[in-house]
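Following: one structure in structure tokens, then a few remarks.
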Amino acid sequence: QVQLVQSGGGLVQPGGSLRLSCAASRRTSRSDFMAWFRQAPGKEREFVAAITGLGFNTYYTDSVKGRFTISRDNAKNTLYLQMNSLKPEDTAVYYCAAGHPSSIVPMTEGGYNYWGQGTQVTVSS
């Protein structure tokens, strides 16, 4: 089992930047996909970005392409989301997740069976 602990959320002005971190309690399998999801008030949780086990491939929802970067440092058992040019519509609770590629349904929550506790990101002036 993998326990995920998030940090790095907060309040930022439009156009600003934040970096979210997601630390695993033990070494994460190199076979695991890891991903970020977010949920705004009154809305369904949505896919944001994903990264393959060795970090060779990344995937993004259209609304964050060119602004967000997902990365992982397997030596530190940590996943990151660098968020630049933040917009008010990025305001949400952000969750990290992990799952085995045999179960993953791309661009959805399907197959992600380990989840972080969530962290609030608020973009407002």
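Since this is a predicted model, take the numbers as computed values, not measurements.
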Do the non-hydrogen side-chain atoms of Met34 and Leu4 ever get within less than 4.5 Å of each other?
yes

Hphob cluster co-occupancy, Leu18 + Trp36, side-chain heavy atoms under 4.5 angstrom
yes

Report yes if the side chains of Gln120 and Thr91 come closer than 4.5 Å at any heavy-atom pair, otherwise no.
yes

Taken to the nearest 0.5 Å, the spacing of Asp32 CG from Leu79 CG works out to 11.5 Å

In terms of relative ring orientation, are Tyr94 and Phe68 parallel, tilted or perpendicular, with 30° and 60° separating the classes?
tilted

Least distance between heavy atoms, Tyr59 atom then Met107 atom:
CB-SD, 4.4 Å

Value rounded to 0.5 Å, distance of OG in Ser71 from CZ in Arg19
7.5 Å

Listed partners of Pro14 passing side-chain contact (heavy atoms from CB on, under 4.5 Å), at least two apart
Pro88, Val123, Ser125

Would you give the length of the straight line joining atom SG of Cys96 to atom CD of Gln117, rounded to the nearest 0.5 angstrom?
7.0 Å

How far apart are the C-alpha atoms of Arg38 and Asp90, what are their side-chain angles, what is the distance that settles it, and do they pass the side chain to side chain contact (heavy atoms under 4.5 Å, CB included) test?
CA-CA 9 Å; Arg38 66 187 181 187; Asp90 295 318; 3.0 Å; yes

Going by heavy atoms in the side chains, are Thr52 and Phe33 under 4.5 Å from each other?
yes

Parallel, tilted or perpendicular, judged at 30° and 60°: which one describes the rings of Trp115 and Tyr95?
perpendicular

Within a radius of less than 6.0 Å around CD of Glu44, do more than 12 heavy atoms belonging to other residues, nucleotides or ligands occur?
no

Is there side-chain contact between Tyr112 and Val105, with heavy atoms separated by less than 4.5 Å?
no

Nearest-0.5 Å distance that lies between atom OG1 in Thr69 and atom CE in Met83
11.0 Å

